[in-house]
Novice: 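Following this message is one structure expressed as structure tokens.
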Amino acid sequence: MKMIKLTTENYEEQVLRNDKPVLVEFWAEWCGPCRMVGPVLEQIEAEHGLTVGKLNTDENPEIMARYGVMAVPTMLLFEGGEPVKQIVGAKPKRLLEAELGLS
């Protein structure tokens with residue numbers, strides 16, 4: 001699998017209407033911790049089969065505002081179109097897996 005690039009145009013279909021859990025990473029190009037967490041999320045996606053989408057907050061500020069995201073990276077886990085878990089900041093893989101209930 002490859003992480004999905006989320007935009008205002010595909011967000012509803014890829015996240016809100018998805019019948020599987022989706023982890024959305026809110027990130028920005030200028031964000032150093034975002035660059036660190038990206039490869040970790042790719043590993044989690046590959047190892048656990050979790051759908052992961054990346055949403056550039058500079059290009060899609062309205063979605064960031066909709067969920068009250070104030071810092072990047074922030075990860076929201078969606079199930080049935082609703083956010084069920086929020087993780088703020090870059091964390092090691094084992095902590096992300098634990099917080100997501102994957103370990």
Novice: Measure the shortest side-chain to side-chain distance between Val15 and Asn18 over non-hydrogen atoms and say whether it is less than 4.5 angstrom.
Specialist: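 No, side chains not in contact.
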Novice: Would you please classify the geometry between the Tyr67 ring and the Phe78 ring as parallel, tilted or perpendicular, with 30° and 60° separating the classes?
Specialist: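 Answer is perpendicular, since the angle exceeds 60°.
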Novice: Determine whether Ile87 and Lys91 make a side-chain contact, defined as any pair of heavy atoms from C-beta on separated by less than 4.5 Å.
Specialist: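 Heavy-atom side-chain distance check passes, below 4.5 Å.
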Novice: First locate atom CD of Glu45, then atom OG1 of Thr51, and finally report the distance between them rounded to the nearest 0.5 Å.
Specialist: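 One gets 6.5 Å once the value is rounded to the nearest 0.5 Å.
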Novice: Apply side chain to side chain donor-acceptor pair (under 3.5 Å) to residues Glu59 and Thr7 and explain how you reach the verdict.
Specialist: CA-CA 8 Å; Glu59 296 173 359; Thr7 63; over 6 Å; no
Novice: Inspect the surroundings of CD in Glu62 and state if more than 12 heavy atoms from other residues, nucleotides or ligands are less than 6.0 Å away.
Specialist: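 Atom CD in Glu62 is crowded, with more than 12 foreign heavy atoms closer than 6.0 Å.
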Novice: Answer yes if Leu102 and Met3 sit in the same cluster of Ile, Leu, Val, Met, Phe, Trp and Tyr residues linked by side chain heavy atoms under 4.5 Å apart, and no otherwise.
Specialist: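 Shared cluster, yes.
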Novice: CD/Glu13 to CD1/Ile4 distance, rounded to the nearest 0.5 angstrom?
Specialist: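 Taking CD in Glu13 and CD1 in Ile4, the distance rounds to 9.5 Å.
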Novice: Would you call Gln14 and Lys5 a side-chain contact if the rule is heavy atoms closer than 4.5 Å?
Specialist: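 A side-chain contact is absent here, since even the closest heavy-atom pair is not under 4.5 Å.
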Novice: Are the side chains of Glu25 and Cys34 in touch, meaning some heavy atoms are under 4.5 Å apart?
Specialist: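 In short, these two side chains touch, coming nearer than 4.5 Å.
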Novice: Would you tell me whether Gln86 and Thr74 have side-chain atoms, one donor and one acceptor, within less than 3.5 Å of each other?
Specialist: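 Short answer, no.
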Novice: Measuring only between side-chain heavy atoms, which start at C-beta, is Glu99 closer than 4.5 Å to Leu77?
Specialist: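 A side-chain contact under 4.5 Å is absent here.
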Novice: Got more than 12 heavy atoms from elsewhere within 6.0 Å of CZ, Arg66?
Specialist: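 Atom CZ in Arg66 is crowded, with more than 12 foreign heavy atoms closer than 6.0 Å.
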Novice: Under a 4.5 Å cut-off applied to non-hydrogen side-chain atoms, are Leu50 and Pro21 in contact?
Specialist: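 Side-chain contact under 4.5 Å: yes.
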Novice: Give a yes or no answer on whether the side chain of Lys54 reaches the backbone of Trp27 with a donor-acceptor pair at less than 3.5 Å.
Specialist: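 Side chain of Lys54 to backbone of Trp27: no pair is present.
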Novice: Does some side-chain heavy atom of Phe26 sit less than 4.5 Å from a side-chain heavy atom of Ile63?
Specialist: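 Of all side-chain heavy-atom pairs linking Phe26 with Ile63, at least one is under 4.5 Å.
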Novice: Taking all non-hydrogen atoms of both residues into account, name the closest pair between Thr57 and Ala28 and its distance.
Specialist: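 The pair with the smallest heavy-atom distance is OG1-CB, 3.9 Å.
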Novice: Is Leu55 reachable from Val84 through a run of I, L, V, M, F, W or Y residues, each pair having side-chain heavy atoms under 4.5 Å apart?
Specialist: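 In one cluster: no.
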Novice: Taking C-beta and beyond as the side chain, do Val22 and Val52 meet within less than 4.5 Å on heavy atoms?
Specialist: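 The answer is no, as the side chains (C-beta and beyond) never meet within the 4.5 Å cut-off.
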Novice: Any chance you could measure Asn60, atom CG, to Met64, atom CE, to the nearest 0.5 Å?
Specialist: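 Output value for this atom pair is 11.0 Å.
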Novice: Hey, could you give me the CG/CZ distance between Asn10 and Arg17, rounded to the nearest 0.5 Å?
Specialist: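 CZ of Arg17 is found 11.5 Å from CG of Asn10.
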Novice: Using the rule that two of Ile, Leu, Val, Met, Phe, Trp, Tyr join whenever any of their side-chain heavy atoms come within less than 4.5 Å, decide whether Leu100 and Val40 are in one cluster.
Specialist: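 Linked within one cluster.
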Novice: How many angstroms lie between atom NE2 of His48 and atom CG of Leu23, to the nearest 0.5 angstrom?
Specialist: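 Rounded to the nearest 0.5 Å, the NE2-CG separation comes to 11.5 Å.
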Novice: Honestly curious: do Val24 and Leu16 fall in one hydrophobic cluster under the side-chain, below-4.5 Å linking rule?
Specialist: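 Yes, Val24 connects to Leu16 through the hydrophobic network.
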Novice: Between Glu47 and Lys93, does the salt bridge (Lys or Arg N to Asp or Glu O under 4.0 Å) criterion hold? Intermediate values first, please.
Specialist: CA-CA 11 Å; Glu47 293 172 12; Lys93 182 179 172 208; 2.6 Å; yes
